[in-house]
Amino acid sequence: MDAFGGMDIMEERYSPGAVEPKWQEYWKKNELFKVAEDPTKEKYYLLEMFPYPSGKIHIGHVRNYTIGDVVVRYKRMKGFNVIHPMGWDAFGMPAENAAIDNNTHPAAWTYANISAMRAQLKKMGFSYDWDREIATCRPEYYRWEQWLFLKMLEKGMAYRKESFVNWCEKCQTVLANEQVEQDKCWRCSQVVQQKKLWQWFFRITDYAEDLLVHCDQLPGWPDKVTVMQKNWIGKSIGSELKFQIDGVGEDLEVFTTRPDTIFGATFMCLAPEHPLVETLSRGTDQQAAVDAFVQKVSSQERSADGIEKYEKEGVFIGAHCINPATGEKIPIYTANFVLMGYGTGAIMSVPAGDQRDFDFARKYGLDIRVVVQPEGQNLDGATMEEAYTGSGVMVNSGQFDGMDSQAAMEVMTDWLEEKGCGKKAISYRLRDWGISRQRYWGTPIPVIHCPSCGVVPVPEEDLPIRLPEEANLLAKGGSPLPFLDYFSKATCPSCGRKDAKRDTDTMDTFVESSWYYLRYCSPRYEGGMFDPAAVQYWAPVDQYIGGVEHAVLHLLYSRYFMRVLNTLGLIDFKEPFTRLLTQGMVCKETMTCPEHGFLFPEEAEKQDNEALACTRCGSEVEVGRVIKMSKSKKNVVDPNELLERYGADVTRLFCLFAAPPERDLEWSEDGVEGSNRFVNRVWRLAIECMDKIDAGAIAPFKGAASDLESQDAKELYIKANQTIKKVTDDIDKSFHFNTAISAVMELVNAMYVVEIDTADREMKSVLLFSLENILLLLSPIIPHFCEELFERMGNKGSILEHAWPDFRTDSLETDEVLVVVQVNGKLRAKFTIGAQVEEAEIKEIAMADERVQKYLQEKPVKKIIVIRKKQTLVNIVV
RNA sequence: GCCUGGGUGGCGGAACUGGUAGACGCAAGGGACUUAAAAUCCCUCGGUGAUUAUCACUGUACGAGUUCAAUUCUCGUCCCAGGUACCA
């Protein structure tokens, strides 16, 4: 209320501060988002990737969850029983980093963040069933993950092997790849070493073929994601070949996709971790060189990304093997570009046919022998400049000379098999999933190590193995678990020995996110991971929405987990997510000060000359590239500020309007202002309509366009029907909310042209129809706003319980169509004509057009093409 | 490096299976209303040129090609982003 008469002034603008809490309260009080299994209704499970509780909701979350909320509200109005849960991916490294940096505890930090973020999400008006909320760091959740681990262990789906971790000697701790910066520890700059540890793995490779095959049976997924997954699995068909080691009664096994090039194999390469590297070099004069090389490589990153950073190098290990095709003795090397985890950890090197081998051979002066000659060329190993990897004619290959290399592949594989030194083989790039983390803030692995019995699973009735939440992290980031006697000391469940030791590693946090969506179906269930009846009804997820950065790992692990549960007989499906939408990132320009580096938006002040200056030192601020929003670059927008200034609906509207969901979104302050303007434009339109149209006497028009007498009313009515169709298609088929909103804007613009004061009864009735539908169509996008106006129009209850509008197919088109005329593909004339006019007549009118005539002149007409689709086009070719 | 996307006005984007390039919005400029400002409403708005109410040429990262017709399809090049197995 204010001095100018209160209500009237207030009515001129949408007031989110009053309206939004009112409807959030209404939804809560009437339990509109609470759902239960209902066999009489078709279910719809919509899920957005749950957030890591980093502290505050960021704009990326707002965007992700707004997209989901629109679809949920739309599907509800379409009559589905929609489940829409939310929870927290609450274990993970940032909690440990924050604990060290801010001298707090990971648990305290995490729980505080969860409360803060939950409050923010509630203010956004999202339609979550909060009764289903879960946090993965709660023992009620992770106990079932431990239970599953035991089942997998029992079935041989989980196993232990030695593998490498990044180790910082100074901090005495394991580092994530992200914590290694240029081979050095991010905290202390010590050079990172590779350390071998016994770790747990899940046998995802057992399902490699099944995961691969089903990539083609996910029509609801973007192709780019299934293609990335296929490439990640990386099936290759080739041969496993045995090379006899010279002077030793043992074979060296290699995997190759090019058995046809075996005559060109002039040396061998082993991964530095390959057991034969040490065995074979022992006692030779190469031993010292090999040891030094292996030591050197141990400080190099062994990730695929890392491996590319180093120059390809290697060292002769002092042993030879026999090429079974040529019978020649060839040297064995160990090289840093050979991965132990792929194939057999050893390769036969054919420098003429592989670029890496070629570079290596040139560097160490090894033989390059051409065995596949490209058509019409004559390559020479001594002079060629790069490897030839294509197919061609076989040369230098004994009895196979002159054959086509493609054909030789088959024949030579058989020949090698007959000789007993090879067989056909399939290899996958996919490796087993290492889940052991030498970290504190994660799910404890439920096994006990006994000096007598070895690895002993924790008995089921002892679950959960609780993470001691009161424990403090070590100063340099290490896990305290191995040093907590009360946690790590255990009695062997098998033999009763008192000096057994609990496993003090925790699980990769991707394990939690691989099955959380099943837990949502029965979040408080105590009899297992989930209530089978609930999962039977709700699962699988019908629509999953999240960032494209998860395209491979999270989504592949989830698909794997469903296969595990399926094999264990716990569920009857294999694919967790029927449809997938991968949204783009939210970006913003960065600002840098020469003195202070990256600046927050509020640290740059606009000066008189329009330039920006640093508020601290006055230096000129440089506006940099538009990149993904991140705290470290300080190019962030705080959703809280937006909520305060514009409210939830305007924030939601802008997120949807600025770009289609799958594209990156560039944040613009002015754009938000524009969304605010649109919302108020609709508000004024609605208030004016209600004010000037007697709703008691005039009802919204429901007939066919042809029943309307005035041309203006007819056109507006058709526009309204087209809008309903467009918005429905955009939401339902493509999730292109930006164009849906544009369509509504067009309708609103068309309504603004109408003079309501002088409008007749017919027009008023069409205006009411249009207005009512605008509110229904926008209600999933700006729900509080639409609820309020819908109520003011005299409707009872929530707009959510109203059905989604239908359009009339008989009222989508006017009876005039536009014809565009081209001469040689260039636009020369346009005219409108009755929709029923025959093609021959259209041609005639087009040819007769003055402007067309100008271009035709005396030239002979070769062809006239008439296209009658949405618009009519005539192209005259001369 | 490898895998996957993307590149359209001053800006975000639109153009559905090849058929009017620039819908809708932002910014900018002009006008109306107002004592004034804000708000609101209306108009103009890719570039170049001219005989400027009109018209021509040109234009979707760059270079070729297919086609009556290419932002859309094919090949090559450049730039940007995401993933690359311990960030989630």
Side-chain angles (χ1 to χ4, degrees), chain A residues 12-13 49 51-52 54 89 92-94 97 165-166 174-180 222-225 227-232 234 302-309 337 341 356 429-439 508-510 513 547-554 556-557 582 584-585 587 625-628 654 657-660 662-675 677-678 680-681 684 729-730 733-734 736 738-739 741-746 749 752 818-822 824-827 830 851 862-865 867 869-878:
Chain A
E12 278 186 17
R13 289 193 74 80
M49 289 179 185
Y52 178 80
S54 56
D89 189 12
M93 222 175 45
N97 294 333
V165 292
N166 301 312
V174 170
L175 300 175
N177 288 340
E178 150 181 278
Q179 298 172 315
V180 179
D223 286 343
K224 62 170 174 182
V225 176
V227 169
M228 276 191 266
Q229 293 210 349
K230 282 190 215 171
N231 290 333
W232 185 261
R302 303 298 285 152
S303 64
D305 174 34
I307 239 162
E308 298 299 335
K309 294 184 210 155
F337 63 88
R356 283 174 309 184
R429 207 183 69 98
L430 182 70
R431 306 202 297 263
D432 277 339
W433 176 12
I435 59 139
S436 292
R437 297 290 180 271
Q438 296 68 38
R439 297 225 157 75
D508 179 4
T509 57
F510 274 126
S513 55
V548 66
E549 64 272 22
H550 294 289
V552 176
L553 294 182
H554 162 59
L556 191 65
Y557 291 149
T582 49
M585 291 162 307
C587 305
R625 287 218 325 264
V626 175
I627 54 171
K628 177 178 168 174
F654 177 71
F657 182 61
E662 68 278 8
R663 275 259 275 260
D664 288 349
L665 183 156
E666 188 185 330
W667 192 258
S668 125
E669 206 58 47
D670 292 329
V672 189
E673 198 58 63
S675 294
R677 205 143 47 211
F678 172 68
N680 281 296
R681 204 167 141 83
R684 281 189 307 275
D729 285 351
D730 283 349
K733 299 201 177 96
S734 61
H736 280 189
N738 57 332
T739 49
I741 294 164
S742 293
V744 177
M745 284 174 169
E746 284 185 49
N749 289 346
Y752 258 86
L818 178 71
V819 180
V820 297
V821 187
Q822 300 177 332
N824 282 345
K826 288 199 173 181
L827 177 68
K830 296 180 196 182
R851 293 201 45 219
K862 277 195 214 154
K863 211 193 310 183
I864 300 177
I865 294 155
I867 309 290
K869 285 193 195 163
K870 219 167 51 187
Q871 67 286 309
T872 304
L873 178 141
V874 181
N875 190 11
I876 303 165
V877 188
V878 296

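The structure displayed is predicted, hence computed values, not measured ones. Just so you know, these numbers use all the heavy atoms, side chains as well, and skip hydrogens, waters and symmetry mates. Residue numbering restarts at 1 for every chain, and letters A, B, ... go by the order of the sequence lines.
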At a cut-off of 3.5 Å, list every protein nitrogen or oxygen paired with a nitrogen or oxygen from nucleotides 47-51 of chain B, distance to 0.1 Å.
none

What nucleic acid atoms does A/Leu430 come within less than 4.0 Å of, heavy atoms only: base, sugar-phosphate, or nothing? base

Rounded to whole Å, the CD-C1' distance (A/Gln229 to B/rG5) equals 15 Å

Base, sugar-phosphate or nothing for A/Ser436? Non-hydrogen atoms, less than 4.0 Å. base

Please measure how far the C1' atom in B/rU74 lies from the corresponding atom in B/rA23, and state the result in whole Å. 30 Å

Closest to the A/Gln438 side chain: B/rA88, B/rC42, B/rC86? B/rC86

Using the C1' atom on both, measure B/rU48 against B/rU34 and round to a whole Å. 41 Å

Which letter, B, S or -, goes with each nucleotide of nucleotides 8-32 of chain B from 5' to 3', with contact meaning a protein heavy atom under 4.0 Å? ----BSS-B--BB--BBSSS-----

Take atom CD of A/Glu178 and atom C1' of B/rA85, then tell me their distance rounded to the nearest Å. 14 Å

Nearest-Å distance, CE (A/Met228) to P (B/rA81)? 16 Å

Can you tell me how far P of B/rG83 sits from CD of A/Glu662, to the nearest Å? 18 Å

Can you list everything that forms a side-chain contact (heavy atoms from CB on, under 4.5 Å) with A/Asp730? Sequence neighbours excluded, please. A/Lys726, A/Ser734, A/Thr739, A/Ala740

To the nearest angstrom, the CG-P distance between A/Asp223 and B/rG6 comes to 11 Å

Could you tell me which residues satisfy side-chain contact (heavy atoms from CB on, under 4.5 Å) with A/Asn824, sequence neighbours excluded, listed by chain and number? A/Val877, A/Val878

How does RNA chain B look in dot-bracket form if you count Watson-Crick and G-U pairs under 3.5 Å, write [ ] for pairs that cross, and put | where a base pairs with another strand? (((((((..(((......[....))).(((((.......))))).(((((...)))))..(((((..]....))))))))))))....

Touch class at under 4.0 angstrom, heavy-atom based, for A/Val744 against every strand present: nothing

Considering just the side-chain nitrogens and oxygens of A/Arg437, establish if one lies under 4.0 Å of OP1 or OP2 belonging to B/rC86. yes

A/Lys230: salt bridge (charged side-chain N to carboxylate O under 4.0 Å, His left out) partners, not counting sequence neighbours: A/Asp216

Each nucleotide N or O in nucleotides 54-58 of chain B that has a protein N or O under 3.5 Å away: list the pair and distance.
from   : atom 1 : to       : atom 2 : distance (Å)
B/rA56 : OP1    : A/Arg851 : NH2    : 3.1
B/rA56 : OP1    : A/Tyr855 : OH     : 2.4
B/rC57 : OP2    : A/Arg828 : NH1    : 3.4
B/rU58 : OP2    : A/Lys826 : NZ     : 2.9

What is the distance, to the nearest angstrom, from the CH2 atom on A/Trp433 to the P atom on B/rC86? 10 Å

When you check the glycosidic angle of B/rG9, does it come out syn, meaning within 90° of 0, or anti? syn

Looking at every strand, decide which applies to A/Val174 at a 4.0 Å heavy-atom threshold: base, sugar-phosphate, or nothing. base

Can you name the residues that form a ring-ring contact (aromatic ring centres under 6.0 Å, His included) with A/Tyr557, not counting sequence neighbours? A/Trp433, A/Phe510

A/Trp232 CH2 to A/Arg431 CZ distance, which is reported to the nearest 0.5 Å: 7.5 Å

For A/Glu662, side-chain contact (heavy atoms from CB on, under 4.5 Å) partners two or more places apart: A/Pro660, A/His736

Please state the P separation for the pair B/rA28 and B/rG76 - nearest whole angstrom. 44 Å

Would a distance-only check, ignoring hydrogens and angles, find a side-chain to backbone donor-acceptor pair under 3.5 Å from A/Asn875 to A/Gly825? yes

A/Glu746: salt bridge (charged side-chain N to carboxylate O under 4.0 Å, His left out) partners, not counting sequence neighbours: A/Lys719

Separation between the P atoms of B/rC80 and B/rA88, rounded to whole Å: 28 Å

Looking for any heavy atom pair under 4.0 Å, which part of the strands does A/Val227 touch: base, sugar-phosphate only, or nothing? sugar-phosphate

Could you pull out all residues at least two apart from A/Lys733 that satisfy side-chain hydrogen bond (donor to acceptor under 3.5 Å, both in side chains)? A/Asp729

Residue whose closest nucleotide on RNA chain B lies nearer the 5' end, A/Asn231 versus A/Val552: A/Asn231

Nearest-0.5 Å distance that lies between atom OG1 in A/Thr509 and atom CZ in A/Arg439: 9.0 Å

Rounded distance (Å) that lies between atom P of B/rC2 and atom CZ of A/Arg431: 19 Å

Pairwise P distance for B/rG83 and B/rC26, with rounding to whole Å: 33 Å

Please report the distance separating the P of B/rA70 from the corresponding atom of B/rG18, rounded so that it comes out in whole Å. 13 Å

If you measure from the P atom in B/rC45 to the same atom in B/rG10, how many Å do you get, rounded? 15 Å

Using atom types as modelled and distance alone, determine if a side-chain donor or acceptor of A/Asn738 lies under 3.5 Å from a backbone N or O of A/Ala659. no

Pick base, sugar-phosphate or nothing for A/Trp232, based on heavy-atom distances below 4.0 Å to the nucleic acid. base

Does the side chain of A/Tyr752 come within less than 4.5 Å of A/Arg684's, by heavy atoms? yes

Sugar-phosphate, base or nothing in reach of A/Phe678, heavy atoms under 4.0 Å: nothing

At 4.0 Å (heavy atoms only), tell me whether A/His550 reaches a base, stays on the sugar-phosphate, or touches nothing. base

Nearest 0.5 angstrom please: A/His554 NE2 to A/Asp89 CG, how far? 8.5 Å

Nearest 0.5 angstrom please: A/Leu873 CG to A/Leu818 CG, how far? 10.0 Å

Applying side-chain contact (heavy atoms from CB on, under 4.5 Å) to A/Phe657 and not counting sequence neighbours gives A/Ile741, A/Ser742, A/Met745

For atom CZ of A/Arg429 and atom P of B/rU4, their distance in whole Å: 11 Å

On a whole-Å scale, what distance lies between the C1' atoms belonging to B/rG22 and B/rA36? 39 Å

Do A/Asn749 and A/Arg681 have a side chain donor and acceptor closer than 3.5 Å? yes

Looking at B/rA85, B/rC86, B/rA88, which one has an atom nearest to any side-chain atom of A/Val165? B/rC86

Between B/rU84, B/rC41, B/rC86, which nucleotide gets closest to the side-chain atoms of A/Leu553? B/rU84

For A/Val165 and A/Gln438, what are the C-alpha separation, side-chain angles and deciding distance, and is it a side-chain contact (heavy atoms from CB on, under 4.5 Å)? CA-CA 9 Å; A/Val165 292; A/Gln438 296 68 38; 3.8 Å; yes

Closest-nucleotide 5' rank along RNA chain B - winner of A/Val548 and A/Pro51: A/Val548

Using the glycosidic torsion, which applies to B/rU72: syn (within 90° of 0) or anti (everything else)? anti

